[in-house]
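For reference, the structure is listed below as structure tokens.
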Amino acid sequence: TLDNITMSRLLGLAVVAAMAGAVFGSGKSDLKNVMFFISDDLRPEMLDAYGQKQMITPVLDKLAGTSTIFNRAYCQQAICGPTRNSFLSGRRPQRTKAWNFIDHFREAGIGQDWMSLPGYFLDNGYTSLGGGKTYHPGLPPNNDGNKSWTTSPTVPGYVSHGDCSCTSDFFPKGAATEVCPDNKKNLSSFSDYANLEGMVDSLRYASNLRKTVGTPFFLNYGIHKPHLPFHFPAEFGGVNIWEKYGPTEDIALPKHQSSPEGMPPIAFTYEMDGKTQVCTFGECVAMPGPDNGTLCPFCGPALPDNMTKTMRKGYYSAVSWVDFLVGQMLNELDNLGHTEDTVVALVGDHGWQLGEHNIWGKHTNFELGARVPLIIRAAGQTASIRSNSLVESVDIYPTLAALAGLPPPPDVDGFDLSGLWKNPNSTIKPYSFSEYPRCAQPETPWADTSSCVHTQRTNFTIMGYSVRSDEWRATFWMWWDGENLVGDFSRPPAAIELYSHQGDDESDFDAYENVNVAPSNSAVVQDMLGVAKAQWSKTESGTVV
């Protein structure tokens, strides 16, 4: 109920204060530092935190052991630029107007005066430093410059290094591949590690300020992996990760390598980050299509088993590389004596599908595209807490502010989740919301390979609005009103999806959303359509509750 939601929010600051052992005040000494990790394309693929038994993630497992794990966290759009514009501004895409790789929230008439998440800490006297992939490159320009980050000649600059070429024993030099266990021994030649080195320097700089003049710090390390290509050092931390995952032939296949029964073709994504081929170790095949390619003239059936297993093993290995990088930062945080006075948060910017539904990638409104890992450790937290409450990436901004001891940020769409530390399964919100545009012309199949990233937002064809409740996911594909930049709810949806999540504990990535049950559940469809219409008709901050 609304009363319960309000009470949960009001409990937040008191709960955090009790955990931290201090009452929030205006002095800098009362404020907590924040270390925020963003990993690109990271779905909840971890051993202890999310029950994925095949994974090698010792650092994230250890972090989860002293953190709050959000089991049902969802991004607002399953693609890099728009999702980061959303949670780093604290506003949903319907307010940022950023659904592609063209637009961003700093555009005139949108959010040029908004305070970003890192900017809010900066404005409250923090040292704010970032590196790697935080914002999507160029969105906004210059990683938002001094509106988000501390800038001066004496401050470590924003660090960012590009990807590097791959050298591997698994395939001839120059062969096309999305999977690369790299033989290079110098970890600094890998972009994420080079960014790590810069972030360690930033942490040491910020730590010195904290210890000498009391200035708290906000550090944001954006890790590019496990984003394609699945490129990682074959050996790191004294372990050959490719070998440790065992023989490739033993990697499990997805259980459902076909689109959901009754799925409208518009729901499918016909590309993998814009590619219409999948290549591993020099072997290339056509991108799989729905119903094993029968609805798409250029698509193929499910990938060959050996290629599917190689791709999945490559993704798992890249996640283990992310785990190692996070561990290096947390070790330095501990060495500098800041484990107890620092909030630590980790999120994936959106999900990813590893052959489930015959999809390789994101760019959908399915559970596996929208669901993200979200792990947050409050300063001083020593016990693991697991929450099954519905939460969203847009909630990260006000939650980190509360956990740090700052007042609520103004005019943001997300909710402060800190009350869940005391009542982890209380209702913060009854729904989560995601969306994704489609840009093909209205014909079957909707074989659009653009993912709309380079399409002007006025020229979208349809917007898929997805509503996740406790037991259902409903997605309504609404005709796009390019003049007003919103789906036209005065017209019937072009297509409808409804998937049951009754009994879903989220541990089995293959078990749900395999049958579209919209035709047999008209009452649920109408109820969820009303929720969608109410939510996407809003223009001010907040969420339908």
Notebook entry, point to check: Is a side-chain donor or acceptor of Arg468 paired with a backbone partner of Leu390 at a separation under 3.5 angstrom?
Noted result: no
Margin query: Could you tell me if the side chain of Leu354 sits less than 4.5 Å from the side chain of Met311, heavy atoms only?
Written below: no
Next item on the list: Determine whether the side chains of Ser207 and His338 contain a donor N or O and an acceptor N or O closer than 3.5 Å.
Entry: yes
Notebook entry, point to check: Can Glu271 and Thr269 be counted as having a side-chain donor-acceptor contact under 3.5 angstrom?
Noted result: yes
Margin query: Other residues, nucleotides and ligands only: do more than 12 of their heavy atoms fall within 6.0 Å of NZ on Lys244?
Written below: no
Notebook entry, point to check: Would you call Arg312 and Thr308 a side-chain contact if the rule is heavy atoms closer than 4.5 Å?
Noted result: yes
Note to self: With ring-ring contact (aromatic ring centres under 6.0 Å, His included) as the criterion, how do Phe268 and Tyr270 come out once you've worked through the C-alpha distance, each side chain's angles and the decisive distance to 0.1 Å?
What the structure shows: CA-CA 6 Å; Phe268 199 82; Tyr270 297 82; 5.2 Å; yes
Next item on the list: Identify whether NZ of Lys or CZ of Arg in Arg473 sits under 6.0 Å from the centre of the six-membered ring of Tyr74 and within 45° of that ring's axis.
Entry: yes
Check: Going from SG on Cys80 to CG on Asn85, what distance comes out if it is rounded to the nearest 0.5 angstrom?
Finding: 11.5 Å
Item checked: Close side-chain approach of Met287 to Leu303, heavy-atom, < 4.5 Å -> no
Notebook entry, point to check: Do the charged groups of Asp41 and Lys225 touch, with an N to O distance under 4.0 Å?
Noted result: no
Notebook entry, point to check: If you measure only the distance, is there a donor-acceptor pair under 3.5 Å linking the side chains of Ser259 and Asn358?
Noted result: no
Item checked: Phe324 and Tyr193 aromatic ring geometry - parallel, tilted or perpendicular at 30°/60° bounds -> parallel
Check: Hey, does the side chain of Ser168 reach the backbone of Pro181 with a donor-acceptor pair shorter than 3.5 angstrom?
Finding: yes
Next item on the list: Please say which of Tyr397, Tyr126, Trp149, Phe217 ends up in a ring-ring contact (aromatic ring centres under 6.0 Å, His included) with Phe121.
Entry: Tyr126
Check: In Å, rounded to the nearest 0.5 Å, how long is the span from CD of Glu392 to CG of Leu417?
Finding: 9.5 Å
Item checked: Between CD1 on residue Ile241 and CZ on residue Phe236, distance to nearest 0.5 Å -> 4.5 Å
Margin query: Can a side-chain donor-acceptor contact be found between Gln77 and Ser86 if the only test is distance below 3.5 angstrom?
Written below: no
Notebook entry, point to check: Do the rings of Phe433 and Tyr431 sit parallel, tilted or perpendicular, given the 30° and 60° boundaries?
Noted result: tilted
Checklist line | Exercise: identify the closest heavy-atom pair between Pro44 and Tyr50 | finding: O-CB, 3.3 Å
Next item on the list: Describe, in one word, how the ring planes of Trp242 and Phe281 are oriented to each other, choosing from parallel (under 30°), tilted (30 to 60°) and perpendicular (over 60°).
Entry: perpendicular
Check: Testing Phe232, Phe171, Phe230 for side chain to side chain contact (heavy atoms under 4.5 Å, CB included) with Cys180, which one passes?
Finding: Phe171
Notebook entry, point to check: Aromatic ring centroids of Tyr135 and His104 under 6.0 Å?
Noted result: no
Checklist line | Test log, rule side-chain contact (heavy atoms from CB on, under 4.5 Å), inputs Leu196 and Val200 | finding: CA-CA 6 Å; Leu196 167 69; Val200 168; 4.1 Å; yes
Notebook entry, point to check: Looking just at side-chain N and O atoms, do Trp421 and Gln381 make a donor-acceptor pair shorter than 3.5 Å?
Noted result: yes
Next item on the list: Evaluate whether atom CD of Gln277 has more than 12 neighbouring non-hydrogen atoms of other residues, nucleotides or ligands under 6.0 angstrom away.
Entry: yes
Next item on the list: Classify the side-chain pair Tyr245/Ser320 by whether it contains a donor and acceptor separated by less than 3.5 Å.
Entry: yes
Next item on the list: Check whether any side-chain heavy atom of Glu513 lies under 4.5 Å from a side-chain heavy atom of His357, and answer yes or no.
Entry: yes
Notebook entry, point to check: Any salt bridge between Arg92 and Glu435, counting N to O under 4.0 Å?
Noted result: no
Item checked: Parallel, tilted or perpendicular, as decided by the 30° and 60° cut-offs, for the rings of Trp352 and Tyr315 -> parallel
Notebook entry, point to check: If you draw the axis of the six-membered ring of Phe415, does the NZ or CZ of Lys429 fall within 45° of it and under 6.0 Å from the ring centre?
Noted result: yes
Item checked: Val344: which of Leu219, Leu330, Asn33 passes side chain to side chain contact (heavy atoms under 4.5 Å, CB included) -> Leu330
Check: Do Phe366 and Glu356 come within less than 4.5 Å of each other through their side chains, counting heavy atoms only?
Finding: no
